[in-house]
Amino acid sequence: MPDDGNDANGGTDPLFRVDSPIFTRKELLEIEHIPNEERIVGRDEQIKKVANALNPAIAGGSPRNMIVYGKTGTGKSLVAKHVTQRAKRAAENHGTTVGTAYIDCAQSNTETRAISTLATQLNDVGETEVKIPPTGIATDDYYARFWRILDARFDVAIIILDEIDKLGNDEILMQLSRAGEAGKLGSCKIGIIAISNKISYQDKLEQRVKSSLQEREFIFPPYDAEQLRLIMENREDAFKPDVLTSDVIPLSAAFAASEHGDARKALDILRHAGEIAEERDDERVREEHVRDARSLADVNRFRDLLQGQPTQAKLTVLAVAELTAARRESKIESNDIYDKYCELTTALDVNQLSQRRVYDLLREQAFLDILGQEFEGRGRARGSVMKFYLLEEPETVRQAIQRDAVFDQMNGE
DNA sequence: CCTCCACCGGAACGAGGGGCGC
DNA sequence: GCGCCCCTCGTTCCGGTGGAGG
(Lines give C-alpha, C1' and ligand atoms only; values in the text may rest on other atoms or scores of the structure.)
Protein backbone atom coordinates (compact mmCIF):
# COMPACT_ATOMS: atom_id res chain seq x y z
CA MET A 1 0.00 0.00 0.00
CA PRO A 2 1.72 3.23 -1.10
CA ASP A 3 1.39 6.05 1.34
CA ASP A 4 3.05 9.16 0.07
CA GLY A 5 0.77 11.42 2.02
CA ASN A 6 -1.62 13.67 0.14
CA ASP A 7 -0.65 12.63 -3.31
CA ALA A 8 -2.98 14.48 -5.67
CA ASN A 9 -2.84 12.06 -8.57
CA GLY A 10 -3.94 9.26 -6.27
CA GLY A 11 -7.19 11.18 -5.88
CA THR A 12 -6.58 11.45 -2.15
CA ASP A 13 -9.30 13.17 -0.23
CA PRO A 14 -7.85 14.62 2.98
CA LEU A 15 -11.02 13.56 4.79
CA PHE A 16 -10.07 9.91 4.30
CA ARG A 17 -6.61 8.61 4.70
CA VAL A 18 -4.90 5.32 4.15
CA ASP A 19 -1.76 6.15 6.00
CA SER A 20 -1.98 6.58 9.72
CA PRO A 21 0.20 9.06 11.57
CA ILE A 22 0.23 6.70 14.55
CA PHE A 23 0.17 3.07 13.44
CA THR A 24 2.30 1.13 11.02
CA ARG A 25 1.21 -2.45 11.62
CA LYS A 26 -1.92 -2.25 13.71
CA GLU A 27 -2.65 -5.95 13.23
CA LEU A 28 0.11 -6.73 15.70
CA LEU A 29 -2.21 -5.47 18.42
CA GLU A 30 -4.96 -7.95 17.61
CA ILE A 31 -5.12 -10.73 20.16
CA GLU A 32 -5.48 -13.31 17.39
CA HIS A 33 -2.10 -12.41 16.05
CA ILE A 34 0.28 -15.25 16.85
CA PRO A 35 3.70 -13.87 17.53
CA ASN A 36 6.71 -15.95 16.64
CA GLU A 37 8.25 -17.77 19.50
CA GLU A 38 10.72 -15.25 20.83
CA ARG A 39 7.77 -12.94 21.29
CA ILE A 40 5.82 -15.23 23.62
CA VAL A 41 6.41 -13.81 27.05
CA GLY A 42 6.50 -15.51 30.41
CA ARG A 43 4.96 -18.83 29.37
CA ASP A 44 8.16 -20.88 29.02
CA GLU A 45 7.18 -23.30 31.70
CA GLN A 46 3.69 -23.81 30.25
CA ILE A 47 5.10 -24.34 26.77
CA LYS A 48 7.42 -27.01 28.10
CA LYS A 49 4.66 -28.83 29.94
CA VAL A 50 2.33 -28.87 26.98
CA ALA A 51 5.14 -30.01 24.71
CA ASN A 52 5.99 -32.73 27.15
CA ALA A 53 2.45 -34.06 27.11
CA LEU A 54 2.42 -34.07 23.32
CA ASN A 55 5.82 -35.65 23.04
CA PRO A 56 4.78 -39.26 22.33
CA ALA A 57 3.07 -38.03 19.18
CA ILE A 58 6.39 -37.24 17.54
CA ALA A 59 7.17 -40.90 17.14
CA GLY A 60 3.59 -41.80 16.30
CA GLY A 61 2.44 -42.71 19.81
CA SER A 62 -0.57 -41.47 21.75
CA PRO A 63 -0.23 -37.94 23.07
CA ARG A 64 -1.53 -37.32 26.56
CA ASN A 65 -4.82 -35.55 26.87
CA MET A 66 -4.78 -32.38 28.86
CA ILE A 67 -6.98 -29.67 30.18
CA VAL A 68 -5.77 -26.10 30.47
CA TYR A 69 -7.30 -23.58 32.85
CA GLY A 70 -6.72 -19.87 33.09
CA LYS A 71 -8.54 -16.55 32.92
CA THR A 72 -9.05 -14.74 29.63
CA GLY A 73 -5.91 -13.30 28.14
CA THR A 74 -3.45 -15.59 29.90
CA GLY A 75 -2.12 -17.13 26.73
CA LYS A 76 -3.93 -20.47 26.77
CA SER A 77 -4.94 -20.60 23.13
CA LEU A 78 -1.71 -19.00 22.08
CA VAL A 79 0.44 -21.60 23.77
CA ALA A 80 -1.75 -24.47 22.62
CA LYS A 81 -1.63 -23.40 18.99
CA HIS A 82 2.04 -22.61 19.12
CA VAL A 83 3.09 -25.93 20.61
CA THR A 84 0.91 -28.04 18.33
CA GLN A 85 2.41 -26.33 15.30
CA ARG A 86 5.89 -27.08 16.51
CA ALA A 87 4.96 -30.64 17.36
CA LYS A 88 3.60 -31.09 13.86
CA ARG A 89 6.87 -29.93 12.33
CA ALA A 90 8.98 -32.04 14.66
CA ALA A 91 6.91 -35.09 13.85
CA GLU A 92 7.32 -34.57 10.14
CA ASN A 93 11.07 -34.88 10.59
CA HIS A 94 10.43 -38.31 12.03
CA GLY A 95 8.14 -39.33 9.22
CA THR A 96 5.01 -39.05 11.33
CA THR A 97 2.02 -37.23 9.88
CA VAL A 98 0.20 -35.18 12.45
CA GLY A 99 -3.12 -33.46 11.86
CA THR A 100 -4.06 -30.47 13.96
CA ALA A 101 -7.47 -28.92 14.45
CA TYR A 102 -8.71 -26.02 16.49
CA ILE A 103 -12.31 -25.34 17.36
CA ASP A 104 -13.84 -22.56 19.36
CA CYS A 105 -16.67 -24.18 21.28
CA ALA A 106 -18.33 -20.82 21.86
CA GLN A 107 -19.15 -20.87 18.18
CA SER A 108 -19.46 -24.59 17.54
CA ASN A 109 -21.45 -24.97 20.71
CA THR A 110 -23.26 -28.23 20.07
CA GLU A 111 -21.95 -31.71 19.62
CA THR A 112 -22.93 -31.92 15.97
CA ARG A 113 -21.50 -28.56 15.02
CA ALA A 114 -18.26 -29.32 16.82
CA ILE A 115 -17.70 -32.69 15.18
CA SER A 116 -18.73 -31.24 11.85
CA THR A 117 -16.17 -28.43 11.97
CA LEU A 118 -13.52 -30.84 13.20
CA ALA A 119 -14.15 -33.16 10.28
CA THR A 120 -14.11 -30.27 7.82
CA GLN A 121 -10.83 -28.95 9.13
CA LEU A 122 -9.02 -32.24 8.92
CA ASN A 123 -10.55 -33.38 5.67
CA ASP A 124 -9.11 -33.23 2.20
CA VAL A 125 -11.76 -34.33 -0.26
CA GLY A 126 -9.25 -35.04 -2.99
CA GLU A 127 -7.46 -37.49 -0.75
CA THR A 128 -10.27 -39.15 1.18
CA GLU A 129 -13.30 -38.71 -1.07
CA VAL A 130 -15.34 -38.09 2.05
CA LYS A 131 -17.82 -35.23 1.82
CA ILE A 132 -18.73 -33.24 4.92
CA PRO A 133 -21.96 -31.27 4.51
CA PRO A 134 -22.07 -28.38 6.98
CA THR A 135 -25.38 -29.63 8.35
CA GLY A 136 -28.20 -32.00 7.62
CA ILE A 137 -26.83 -35.41 8.47
CA ALA A 138 -27.04 -37.40 11.68
CA THR A 139 -24.44 -36.92 14.39
CA ASP A 140 -23.36 -40.55 14.19
CA ASP A 141 -22.78 -40.05 10.51
CA TYR A 142 -20.41 -37.17 11.22
CA TYR A 143 -18.45 -39.32 13.61
CA ALA A 144 -18.23 -42.18 11.15
CA ARG A 145 -16.88 -39.90 8.46
CA PHE A 146 -14.51 -38.29 10.93
CA TRP A 147 -12.94 -41.59 11.94
CA ARG A 148 -12.49 -42.52 8.30
CA ILE A 149 -10.73 -39.24 7.58
CA LEU A 150 -8.37 -39.64 10.51
CA ASP A 151 -7.35 -43.16 9.61
CA ALA A 152 -6.90 -42.25 5.99
CA ARG A 153 -4.75 -39.20 6.51
CA PHE A 154 -2.92 -39.16 9.84
CA ASP A 155 -0.85 -41.13 12.29
CA VAL A 156 -1.80 -38.74 15.08
CA ALA A 157 -4.39 -35.99 15.41
CA ILE A 158 -4.08 -33.21 17.95
CA ILE A 159 -7.34 -31.47 18.65
CA ILE A 160 -7.67 -28.17 20.51
CA LEU A 161 -11.08 -27.51 22.03
CA ASP A 162 -11.12 -23.89 23.11
CA GLU A 163 -13.73 -22.49 25.54
CA ILE A 164 -14.85 -26.01 26.20
CA ASP A 165 -17.16 -24.92 29.01
CA LYS A 166 -19.40 -23.36 26.37
CA LEU A 167 -20.09 -26.78 24.93
CA GLY A 168 -23.60 -28.04 25.64
CA ASN A 169 -22.70 -31.59 26.55
CA ASP A 170 -19.63 -33.74 27.00
CA GLU A 171 -20.52 -36.38 24.48
CA ILE A 172 -17.86 -35.27 22.01
CA LEU A 173 -15.18 -35.46 24.68
CA MET A 174 -16.34 -38.93 25.52
CA GLN A 175 -16.25 -40.01 21.90
CA LEU A 176 -12.85 -38.51 21.18
CA SER A 177 -11.20 -39.83 24.29
CA ARG A 178 -12.54 -43.33 23.85
CA ALA A 179 -12.31 -43.67 20.10
CA GLY A 180 -9.29 -45.93 20.20
CA GLU A 181 -10.57 -48.33 22.82
CA ALA A 182 -14.01 -48.46 21.27
CA GLY A 183 -12.48 -49.70 18.04
CA LYS A 184 -13.73 -46.72 16.08
CA LEU A 185 -10.26 -45.87 14.93
CA GLY A 186 -7.76 -48.15 13.28
CA SER A 187 -4.27 -46.72 13.47
CA CYS A 188 -4.72 -43.02 14.18
CA LYS A 189 -4.14 -41.71 17.70
CA ILE A 190 -5.95 -38.73 19.18
CA GLY A 191 -4.68 -36.12 21.61
CA ILE A 192 -7.03 -33.57 23.13
CA ILE A 193 -6.11 -30.16 24.46
CA ALA A 194 -9.16 -28.81 26.25
CA ILE A 195 -9.15 -25.16 27.25
CA SER A 196 -11.45 -23.60 29.83
CA ASN A 197 -11.42 -20.31 31.65
CA LYS A 198 -13.58 -21.60 34.44
CA ILE A 199 -11.88 -23.91 36.89
CA SER A 200 -15.29 -25.07 38.06
CA TYR A 201 -15.68 -26.76 34.71
CA GLN A 202 -14.25 -29.98 36.03
CA ASP A 203 -17.14 -30.35 38.47
CA LYS A 204 -19.51 -30.66 35.56
CA LEU A 205 -17.53 -33.33 33.80
CA GLU A 206 -18.75 -36.84 33.92
CA GLN A 207 -16.51 -39.26 35.68
CA ARG A 208 -15.75 -41.31 32.60
CA VAL A 209 -14.41 -38.29 30.72
CA LYS A 210 -12.72 -36.83 33.74
CA SER A 211 -10.23 -39.60 34.21
CA SER A 212 -8.94 -39.38 30.68
CA LEU A 213 -8.84 -35.59 30.48
CA GLN A 214 -7.20 -35.06 33.79
CA GLU A 215 -4.12 -36.99 32.89
CA ARG A 216 -2.53 -33.60 32.62
CA GLU A 217 -3.93 -30.45 34.11
CA PHE A 218 -2.35 -27.04 33.81
CA ILE A 219 -3.29 -23.72 35.25
CA PHE A 220 -2.10 -20.59 33.49
CA PRO A 221 -1.50 -17.79 35.99
CA PRO A 222 -2.35 -14.19 35.12
CA TYR A 223 0.45 -12.06 33.72
CA ASP A 224 2.07 -9.63 36.12
CA ALA A 225 2.68 -5.99 35.21
CA GLU A 226 6.24 -6.71 34.16
CA GLN A 227 5.20 -9.44 31.74
CA LEU A 228 2.40 -7.31 30.32
CA ARG A 229 4.93 -4.57 29.74
CA LEU A 230 7.15 -6.99 27.82
CA ILE A 231 4.23 -8.27 25.77
CA MET A 232 3.37 -4.76 24.70
CA GLU A 233 6.97 -3.81 24.03
CA ASN A 234 7.28 -6.84 21.79
CA ARG A 235 4.47 -5.48 19.68
CA GLU A 236 5.60 -1.89 19.85
CA ASP A 237 6.39 -1.83 16.15
CA ALA A 238 2.67 -1.74 15.53
CA PHE A 239 3.28 1.97 16.09
CA LYS A 240 5.47 4.35 14.19
CA PRO A 241 8.82 5.00 15.85
CA ASP A 242 8.77 7.49 18.73
CA VAL A 243 5.03 7.85 18.70
CA LEU A 244 4.55 6.33 22.13
CA THR A 245 5.54 8.51 25.05
CA SER A 246 7.53 6.67 27.66
CA ASP A 247 4.75 6.22 30.22
CA VAL A 248 2.14 4.77 27.84
CA ILE A 249 3.13 1.12 28.03
CA PRO A 250 3.86 0.99 31.77
CA LEU A 251 0.53 2.65 32.50
CA SER A 252 -1.42 0.29 30.24
CA ALA A 253 0.36 -2.61 31.89
CA ALA A 254 -0.51 -1.34 35.32
CA PHE A 255 -4.20 -0.95 34.41
CA ALA A 256 -4.46 -4.44 32.95
CA ALA A 257 -2.50 -6.01 35.79
CA SER A 258 -4.73 -4.41 38.40
CA GLU A 259 -7.70 -6.25 36.95
CA HIS A 260 -7.00 -9.78 35.79
CA GLY A 261 -3.54 -9.67 34.32
CA ASP A 262 -5.31 -9.94 31.02
CA ALA A 263 -3.07 -9.53 27.97
CA ARG A 264 -6.05 -9.02 25.72
CA LYS A 265 -7.15 -6.09 27.83
CA ALA A 266 -3.66 -4.62 27.85
CA LEU A 267 -3.49 -4.74 24.07
CA ASP A 268 -7.02 -3.35 23.76
CA ILE A 269 -6.14 -0.40 25.94
CA LEU A 270 -2.99 0.23 23.95
CA ARG A 271 -4.80 0.06 20.63
CA HIS A 272 -7.63 2.29 21.82
CA ALA A 273 -5.13 4.80 23.13
CA GLY A 274 -3.56 4.96 19.70
CA GLU A 275 -6.94 5.39 18.06
CA ILE A 276 -7.93 8.14 20.44
CA ALA A 277 -4.69 9.98 19.73
CA GLU A 278 -5.35 9.58 16.05
CA GLU A 279 -8.88 10.97 16.32
CA ARG A 280 -7.64 13.98 18.21
CA ASP A 281 -4.92 14.62 15.65
CA ASP A 282 -2.21 14.23 18.23
CA GLU A 283 1.18 13.25 16.98
CA ARG A 284 2.08 11.17 19.96
CA VAL A 285 0.20 8.84 22.29
CA ARG A 286 0.12 10.19 25.84
CA GLU A 287 -0.91 9.21 29.31
CA GLU A 288 -4.28 10.96 29.03
CA HIS A 289 -5.15 8.85 25.98
CA VAL A 290 -4.44 5.70 27.94
CA ARG A 291 -6.74 6.81 30.76
CA ASP A 292 -9.57 7.46 28.32
CA ALA A 293 -8.87 4.23 26.50
CA ARG A 294 -9.30 2.25 29.65
CA SER A 295 -12.92 3.17 30.23
CA LEU A 296 -13.63 2.91 26.53
CA ALA A 297 -12.34 -0.64 26.60
CA ASP A 298 -14.75 -1.50 29.41
CA VAL A 299 -17.80 -0.07 27.69
CA ASN A 300 -16.94 -1.70 24.39
CA ARG A 301 -16.42 -5.04 25.99
CA PHE A 302 -19.81 -4.93 27.65
CA ARG A 303 -21.52 -3.80 24.50
CA ASP A 304 -19.98 -6.68 22.61
CA LEU A 305 -21.16 -9.12 25.23
CA LEU A 306 -24.73 -7.91 24.96
CA GLN A 307 -24.69 -7.57 21.22
CA GLY A 308 -25.55 -11.15 20.43
CA GLN A 309 -28.18 -11.53 23.12
CA PRO A 310 -31.85 -11.88 22.21
CA THR A 311 -34.31 -9.21 23.27
CA GLN A 312 -35.76 -11.29 26.07
CA ALA A 313 -32.35 -11.79 27.61
CA LYS A 314 -31.67 -8.07 27.41
CA LEU A 315 -34.97 -7.42 29.16
CA THR A 316 -33.94 -9.56 32.10
CA VAL A 317 -30.66 -7.67 32.37
CA LEU A 318 -32.51 -4.39 32.06
CA ALA A 319 -34.81 -5.44 34.90
CA VAL A 320 -31.76 -5.95 37.09
CA ALA A 321 -30.41 -2.57 36.05
CA GLU A 322 -33.66 -0.78 36.87
CA LEU A 323 -33.88 -2.38 40.28
CA THR A 324 -30.25 -1.65 41.04
CA ALA A 325 -30.73 1.99 40.15
CA ALA A 326 -33.83 2.21 42.34
CA ARG A 327 -32.43 0.54 45.44
CA ARG A 328 -29.42 0.65 47.68
CA GLU A 329 -28.90 -3.08 47.61
CA SER A 330 -27.17 -4.18 44.45
CA LYS A 331 -27.88 -7.90 44.73
CA ILE A 332 -31.40 -8.62 43.58
CA GLU A 333 -33.50 -11.68 44.32
CA SER A 334 -34.66 -13.63 41.31
CA ASN A 335 -38.32 -13.22 42.26
CA ASP A 336 -38.07 -9.45 42.34
CA ILE A 337 -36.32 -9.51 39.01
CA TYR A 338 -39.17 -11.49 37.54
CA ASP A 339 -41.74 -8.99 38.84
CA LYS A 340 -39.80 -6.13 37.33
CA TYR A 341 -39.39 -8.06 34.14
CA CYS A 342 -43.17 -8.49 33.91
CA GLU A 343 -43.66 -4.76 34.38
CA LEU A 344 -41.25 -4.11 31.55
CA THR A 345 -42.87 -6.54 29.16
CA THR A 346 -46.33 -5.06 29.70
CA ALA A 347 -44.99 -1.54 29.39
CA LEU A 348 -43.25 -2.37 26.13
CA ASP A 349 -45.98 -4.68 24.93
CA VAL A 350 -43.73 -7.63 24.23
CA ASN A 351 -44.20 -11.31 24.85
CA GLN A 352 -43.98 -12.33 28.50
CA LEU A 353 -42.11 -15.49 29.37
CA SER A 354 -42.64 -17.86 32.26
CA GLN A 355 -40.74 -17.48 35.49
CA ARG A 356 -38.90 -20.71 34.84
CA ARG A 357 -37.65 -19.49 31.50
CA VAL A 358 -36.60 -16.09 32.84
CA TYR A 359 -34.69 -17.83 35.57
CA ASP A 360 -32.79 -19.82 32.98
CA LEU A 361 -32.08 -16.66 31.01
CA LEU A 362 -30.68 -15.00 34.11
CA ARG A 363 -28.41 -17.90 34.84
CA GLU A 364 -27.20 -17.85 31.30
CA GLN A 365 -26.32 -14.17 31.56
CA ALA A 366 -24.38 -14.98 34.69
CA PHE A 367 -22.56 -17.77 32.91
CA LEU A 368 -21.57 -15.33 30.19
CA ASP A 369 -20.28 -12.84 32.78
CA ILE A 370 -22.90 -10.30 31.86
CA LEU A 371 -24.38 -10.56 35.33
CA GLY A 372 -23.00 -11.67 38.65
CA GLN A 373 -24.69 -14.47 40.54
CA GLU A 374 -24.79 -15.37 44.17
CA PHE A 375 -26.64 -18.07 46.02
CA GLU A 376 -27.88 -17.40 49.49
CA GLY A 377 -28.92 -20.15 51.85
CA ARG A 378 -28.42 -23.86 51.61
CA GLY A 379 -29.83 -26.48 49.33
CA ARG A 380 -32.90 -25.56 47.42
CA ALA A 381 -34.96 -24.83 50.47
CA ARG A 382 -37.45 -22.13 51.15
CA GLY A 383 -35.55 -19.08 52.26
CA SER A 384 -32.65 -19.80 50.00
CA VAL A 385 -32.57 -17.43 47.10
CA MET A 386 -30.56 -16.90 43.98
CA LYS A 387 -29.46 -13.31 43.62
CA PHE A 388 -28.15 -11.53 40.56
CA TYR A 389 -26.27 -8.30 40.27
CA LEU A 390 -24.75 -6.00 37.68
CA LEU A 391 -21.06 -5.99 36.90
CA GLU A 392 -21.20 -2.49 35.43
CA GLU A 393 -22.83 0.80 36.28
CA PRO A 394 -26.61 0.73 35.73
CA GLU A 395 -26.33 3.64 33.32
CA THR A 396 -23.76 1.86 31.16
CA VAL A 397 -26.00 -1.17 31.04
CA ARG A 398 -29.07 0.84 30.11
CA GLN A 399 -27.28 2.58 27.29
CA ALA A 400 -25.89 -0.64 25.91
CA ILE A 401 -29.29 -2.34 26.03
CA GLN A 402 -31.37 0.43 24.56
CA ARG A 403 -29.82 -0.08 21.17
CA ASP A 404 -32.32 -2.86 20.61
CA ALA A 405 -35.18 -1.78 18.35
CA VAL A 406 -37.83 -2.90 20.83
CA PHE A 407 -36.73 -0.23 23.26
CA ASP A 408 -37.22 2.66 20.86
CA GLN A 409 -40.60 3.54 22.28
CA MET A 410 -39.05 3.90 25.71
CA ASN A 411 -36.83 6.70 24.50
CA GLY A 412 -39.88 8.49 23.16
CA GLU A 413 -41.30 8.96 26.67
C1' DC B 1 -41.27 -33.31 65.82
C1' DC B 2 -43.90 -32.95 61.81
C1' DT B 3 -45.83 -30.84 57.95
C1' DC B 4 -46.19 -27.18 54.84
C1' DC B 5 -44.32 -24.28 51.56
C1' DA B 6 -41.36 -21.76 48.49
C1' DC B 7 -37.66 -22.15 45.82
C1' DC B 8 -34.09 -24.27 42.84
C1' DG B 9 -33.07 -26.93 38.97
C1' DG B 10 -33.44 -31.45 36.16
C1' DA B 11 -36.11 -33.51 32.55
C1' DA B 12 -39.42 -34.37 29.12
C1' DC B 13 -41.67 -32.47 25.45
C1' DG B 14 -43.20 -29.73 21.39
C1' DA B 15 -43.38 -26.08 17.96
C1' DG B 16 -41.05 -23.81 14.39
C1' DG B 17 -37.21 -23.47 11.30
C1' DG B 18 -33.50 -25.11 8.35
C1' DG B 19 -30.57 -28.54 5.72
C1' DC B 20 -29.29 -32.91 3.27
C1' DG B 21 -29.82 -37.32 0.55
C1' DC B 22 -32.26 -39.82 -2.51
C1' DG C 1 -40.65 -33.52 -2.53
C1' DC C 2 -40.39 -36.57 1.20
C1' DG C 3 -38.30 -38.38 5.13
C1' DC C 4 -34.79 -37.78 8.18
C1' DC C 5 -31.83 -35.00 11.01
C1' DC C 6 -30.50 -31.07 14.13
C1' DC C 7 -31.08 -26.41 16.81
C1' DT C 8 -33.36 -22.88 19.56
C1' DC C 9 -36.80 -21.18 22.37
C1' DG C 10 -40.23 -22.10 25.48
C1' DT C 11 -43.55 -24.61 28.48
C1' DT C 12 -45.06 -27.84 31.99
C1' DC C 13 -44.18 -30.99 35.51
C1' DC C 14 -41.97 -32.61 39.45
C1' DG C 15 -38.34 -34.11 42.98
C1' DG C 16 -35.27 -32.47 46.54
C1' DT C 17 -34.53 -29.53 50.26
C1' DG C 18 -34.67 -27.52 54.73
C1' DG C 19 -36.55 -23.34 57.43
C1' DA C 20 -40.97 -21.59 59.36
C1' DG C 21 -44.61 -22.40 62.11
C1' DG C 22 -47.83 -25.10 64.36
Side-chain angles (χ1 to χ4, degrees), chain A residues 103-120 123 125 128-149 163-175 198 200-201 203-207 305-320 323 329 331-342 344-346 348-368 370-389 404-406:
Chain A
I103 56 177
D104 178 3
C105 301
Q107 283 171 352
S108 306
N109 62 344
T110 69
E111 187 191 0
T112 315
R113 280 209 268 271
I115 189 68
S116 150
T117 39
L118 269 186
T120 311
N123 196 18
V125 190
T128 60
E129 295 183 357
V130 178
K131 264 185 70 185
I132 307 291
T135 168
I137 64 176
T139 309
D140 285 350
D141 210 346
Y142 279 116
Y143 280 113
R145 295 180 194 204
F146 184 56
W147 307 136
R148 257 197 288 158
I149 290 167
E163 299 211 57
I164 195 171
D165 42 324
K166 299 274 163 50
L167 207 53
N169 70 42
D170 306 337
E171 195 54 33
I172 189 167
L173 282 174
M174 174 63 193
Q175 293 285 343
K198 298 196 186 335
S200 59
Y201 178 67
D203 305 339
K204 282 189 1 190
L205 278 177
E206 282 185 55
Q207 202 55 47
L305 276 178
L306 272 172
Q307 204 63 55
Q309 292 301 308
T311 307
Q312 290 289 352
K314 287 180 183 170
L315 271 172
T316 64
V317 179
L318 184 59
V320 180
L323 287 170
E329 178 64 41
K331 295 180 181 167
I332 320 278
E333 302 186 4
S334 63
N335 272 349
D336 296 349
I337 299 174
Y338 185 66
D339 292 344
K340 190 71 189 177
Y341 161 84
C342 291
L344 289 173
T345 52
T346 33
L348 294 169
D349 193 27
V350 291
N351 196 19
Q352 191 173 100
L353 301 178
S354 69
Q355 181 157 14
R356 183 71 183 82
R357 180 65 187 142
V358 168
Y359 182 66
D360 274 349
L361 286 174
L362 284 168
R363 280 202 306 173
E364 196 183 330
Q365 305 310 300
F367 178 72
L368 296 173
I370 293 172
L371 291 175
Q373 183 183 13
E374 189 183 88
F375 187 75
E376 214 159 83
R378 283 197 306 279
R380 278 172 274 184
R382 173 201 179 103
S384 49
V385 207
M386 189 66 81
K387 295 186 172 185
F388 295 90
Y389 53 91
D404 197 306
V406 177

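Here is the naming used below: chain letters follow the sequence lines, and residue numbers restart at 1 for every chain. Values reported hereafter were calculated over all heavy atoms of this structure, with side chains retained and with hydrogens, waters and symmetry mates removed.
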In this structure, how many angstroms lie between the [atom2] atom of [N] and the [atom1] atom of [X], rounded?
X	N	atom1	atom2	answer
A:Tyr359	C:dT12	OH	P	19 Å
A:Asp140	B:dC20	CG	P	19 Å
A:Tyr142	B:dG19	OH	P	12 Å

Among [options], the one nearest [X] by side-chain distance:
X	options	value
A:Arg356	C:dC13, B:dC20, C:dG10	C:dC13
A:Phe375	B:dC8, C:dT11, C:dC5	B:dC8
A:Thr139	C:dC6, C:dG10, B:dC8	C:dC6

Ignoring backbone atoms, establish whether [X] has a side-chain N or O less than 4.0 Å from OP1 or OP2 of [N].
X	N	result
A:Thr110	C:dC7	yes
A:Thr135	C:dC5	no
A:Asn109	C:dT8	yes
A:Thr112	C:dC7	yes
A:Asn335	B:dA6	no

(request) May I ask you to verify whether the side chain of A:Arg363 and the base of B:dG9 hold a donor-acceptor pair under 3.5 Å? (result) no

(message) Both A:Gly136 and A:Arg113 contact DNA chain C. Taking the nearest nucleotide for each, which residue is further toward the 5' end?
(response) A:Gly136

(request) Using distance alone, with no hydrogens and no angle criterion, decide if A:Asn109 and A:Glu163 have a side-chain donor and acceptor under 3.5 Å apart. (result) no

(message) I'd like to know if the side chain of A:Gln365 pairs up with that of A:Gln309 as donor and acceptor (distance under 3.5 Å, no hydrogens or angles considered).
(response) yes

(request) Kindly compute the distance separating CZ (A:Phe367) from NZ (A:Lys166), expressed to the nearest 0.5 Å. (result) 5.5 Å

(request) Run the salt-bridge test on A:Lys340 and A:Asp336 with the 4.0 Å N-O cut-off and return the result as yes or no. (result) no

